[in-house]
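Here is the naming used below: chain letters follow the sequence lines, and residue numbers restart at 1 for every chain.
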Amino acid sequence: MSGATCDEGNIILKISNLDYYYGSFRALKSVCMDIVKNTIVALIGPSGCGKSTLLKTFDRMSDLVAGSRVEGEILYKGRNIFDPATDITLLRKQIGMVFQHPNPFALSLADNIKFGPRVHGERNAEKLDWLVESSLRAVGLWDHLKDRLDKKATELQADEQQRLCIARLIAVEPEVLLMDEPCSTLDPIATLNIEELMRELKKKYTIVTVTHNMQQAARVSDYSGFMLMGELIEYSKTSSIFSNPRDKRTDDYISGHYG
Amino acid sequence: MKKITGETIIGKILLMIALSSIGALFLITVFIFAEGLPVIFKTGFAAFITGMKWKPTREIFGILPMIAGSFAIMAGAMIVSVPFALCCSIYLAEFAGDLMRRVVKPAIELLAGIPSVVYGFIGVTVLVPFIKNYIGGNGFSVLGCSLVLGVMVLPTITSISYDALRAVPVSYREGALALGATRWQAVKMAVVPAASSGIIAAVILGMGRAIGETMAVIMIAGNSLIVPLSPLDPVRTLTSNIALEMGYASGSHRQALFATGVVLFIIIMALNVLASRIINRAVK
Ligand SMILES: Nc1ncnc2c1ncn2[C@@H]1O[C@H](COP(=O)(O)OP(=O)(O)OP(=O)(O)O)[C@@H](O)[C@H]1O
Ligand SMILES: [Mg+2]
C-alpha cells in the first residue's frame, strides 16, 4: 500500500487498515492513507469502487447504514474516531460533509447558517449574526445575498445552494471538509467557481473530495487517491499520479478518462 | 376526422362519471342554498349568525349559540388531539422501527373506521358519568365532547402529518446529522419545519372533521341552546341542531335548518380551501 510520505506532525487524518462492510459485502479493503493538513485530497476511481464509503467513514456518517461494520482505525489528530468514547456530534462538527446534491434546509438563508452553531449550543444572537456574515463571505455569497437573508434557501440556484451548504459547514468552525462530488450537479462555470472556492478554503481547512472528473482532480487537488473495488491502489502527489502513475491499473484508468 | 375507438369511448365514459360527481356536489350546493337562503334573507345574515335565540315556533332564528358550540368543541378537540397526533406522527415517521410502524400505524388508522355512534355510546356510558362524578356539571359537556372528538380526529391529523414528514427528503436528515445534530435536533430543527405546511394542513382538515361530526356530538354534548362559558357547559352544535330537528320541522323552521346547513357548508368549505392552499404552496 502506498502512503504519501510527509511530515508526521502535519497529518490530520491517519487511516490504517480500514475495512468496511455493508452486511457481508466488504466495501473497503485495508485502506491506509495519511491526509496532510491544509491540502486538498481527491479520491478518484470507477463507480462503485468505494469512494463515498471511504469519505463517510471519516465523519462516521457510515454508522447510519444498518448492518454495517468497520475494522481498523482512523486517527483524527492522534485519536481513534472509532473509540467508543468519541463524541460523534463533536466529531461531525470538526469534520463536516458537503453532499453531492445541495441539501439546504427549507429554512431562511440565515437560519441555514445558524443551524450548526445552534445545534452546538450557540445562543448569542450577535455571534450568530456574525457567523452568518463571515460564513457567507467565505463562500462569496455575502455581497450578493446580504439583503435577502430571509429568503428561503431552497429557492436559490443550484450552485448558490451548494455554496450555502459549504457556508453552513464553515459556520461550525470545522477543520476538515468532506465533499462528495460537490460539483456533479453544477454547470461548468459554477464548477470552476466552486473549485476556486476550494483552493481558497484550503488555507484554513483540509479538504477531501470525491470526483469523477479527472481534469478537476488534476486542477484542484494536491494529493490524489485512486480506488478500485474497495482498495486504495495508489495514493500520492497529484502531479506525480497524473504524470507517472506507479500502478498499471491507475495508468489505465487515468489515461482512459483523461487526455 | 378522428376515428372512434374503444379507447375514446372508455375515456368519455370515465369523464362522464367524473363529471357526475361534480354534478352531485353542484346539485347539493344549489339545493342547500335554495332552501336555506330565503330564511337568511328574511332574518338578515348578520342577525341570523349573531342571534342568541332559536325559537322555531315563533320564527325566531339565531344560531350564535350553535356556532359558538361548534367552535368550542372543535377547539377542545384540537387541544386534545394535536399534541397527540404530532407526537404519534413524529414518532412513526422518524423514530419507530419497521415492526413498530407496521403495528401502530394501522392501529391508529383503525380508529377512523369505528362508527361514530360507537364513540358516542362509549362517551355516554363512560365519560359522561365520569365527568359528572369527578369533575362537575351534569357530564354532558364541551369537555366530554372534546375528548371524544379529539380521539376521532386523531387518525386524520396523524396520517396526513405522517405523510408530510415522510415526504421530507432524506438529505435533510443527513445534512443535519452531518453538522453534528442529534437525531432529535435533526427532526425538530430541519425535518418538522420542512413539513410544517403539511402539518398545518393536517390540523385544518382535522378541524373540518371535528366541526362536521354529528352523531357522537349529539349523544355527548347535551344539546342545550346556550353559549358555553365553561368546558363543563352543555352545548348544541350546528350539525346536531340540524339532525335533532329535521325529523319534525316544516315550513320556515325547515328552511332555517337548511340555513344552518349553509353556514356549516361555508365554514367547512373555507377550511378545505385553506388546507389545499397551504398544501399547494408547499408543493411549489
Ligand atoms: N447502503 C449500502 N448497502 C449495501 N451496499 C452498498 C451501500 N452503499 C454502497 N454500497 C456498495 O458499496 C460499494 C461502494 O459504494 P460507494 O457508494 O462507496 O461507491 P462510489 O465509489 O462512491 O461510487 P460512485 O462513483 O458511483 O458514487 C458499491 O459496490 C455499492 O454497491
Ligand atoms: Mg459516490
A.B. asks: Atom CD of residue position A:Gln157 - does it have more than 12 heavy atoms of other residues, nucleotides or ligands inside 6.0 Å?
C.D. replies: no
A.B. asks: Examine whether an atom of A:Leu107 lies under 4.5 Å from a heavy atom of chain B, and if so say whether it belongs to the side chain, the backbone or both; otherwise answer neither.
C.D. replies: side chain
A.B. asks: Take a 6.0 Å sphere around CZ of A:Phe82 and say whether it holds more than 12 heavy atoms from other residues, nucleotides or ligands.
C.D. replies: yes
A.B. asks: If you look at every heavy atom in B:Gln185 and A:Val119, which pair is closest and at what distance?
C.D. replies: NE2-O, 3.2 Å
A.B. asks: Non-hydrogen atoms of chain B under 4.5 Å away: do they reach the side chain of A:Phe115, the backbone, both or neither?
C.D. replies: both
A.B. asks: Once rounded to the nearest 0.5 Å, what's the spacing between atom CG of B:Leu179 and atom OG1 of A:Thr89?
C.D. replies: 11.5 Å
A.B. asks: Drop me the distance from B:Glu174's CD to A:Leu64's CG, to the nearest 0.5 angstrom.
C.D. replies: 7.5 Å
A.B. asks: What part of B:Ala176 gets closer than 4.5 Å to chain A, counting heavy atoms only: side chain, backbone, both or neither?
C.D. replies: both
A.B. asks: Could you tell me which non-hydrogen atom of B:Tyr172 sits nearest to which non-hydrogen atom of A:Phe105, and how far apart they are?
C.D. replies: O-CE2, 3.2 Å
A.B. asks: With only heavy atoms counted, which part of A:Arg168 is less than 4.5 Å from chain B, the side chain, the backbone, both or neither?
C.D. replies: both
A.B. asks: If you count heavy-atom pairs under 4.5 Å between each of B:Ala195, B:Ala190, B:Pro193, B:Ser196 and chain A, which one has the most?
C.D. replies: B:Ala190
A.B. asks: Kindly give the heavy-atom pair with the smallest separation between A:Met97 and B:Ala178, and that separation in Å.
C.D. replies: CB-CB, 4.2 Å
A.B. asks: For A:Pro174, is it the side chain, the backbone, both or neither that has a heavy atom under 4.5 Å from a heavy atom of chain B?
C.D. replies: neither
A.B. asks: For B:Phe95, does the CZ atom have more than 12 heavy-atom neighbours from other residues, nucleotides or ligands under 6.0 Å away?
C.D. replies: yes
A.B. asks: More than 12 heavy atoms of other residues, nucleotides or ligands under 6.0 Å from NZ of A:Lys146: yes or no?
C.D. replies: yes
A.B. asks: Out of B:Ala194, B:Ala186, B:Gly175, B:Pro169, which one racks up the most heavy-atom pairs below 4.5 Å with chain A?
C.D. replies: B:Gly175
A.B. asks: Could you check whether atom CZ of A:Arg79 has more than 12 heavy atoms from other residues, nucleotides or ligands sitting under 6.0 Å from it?
C.D. replies: no
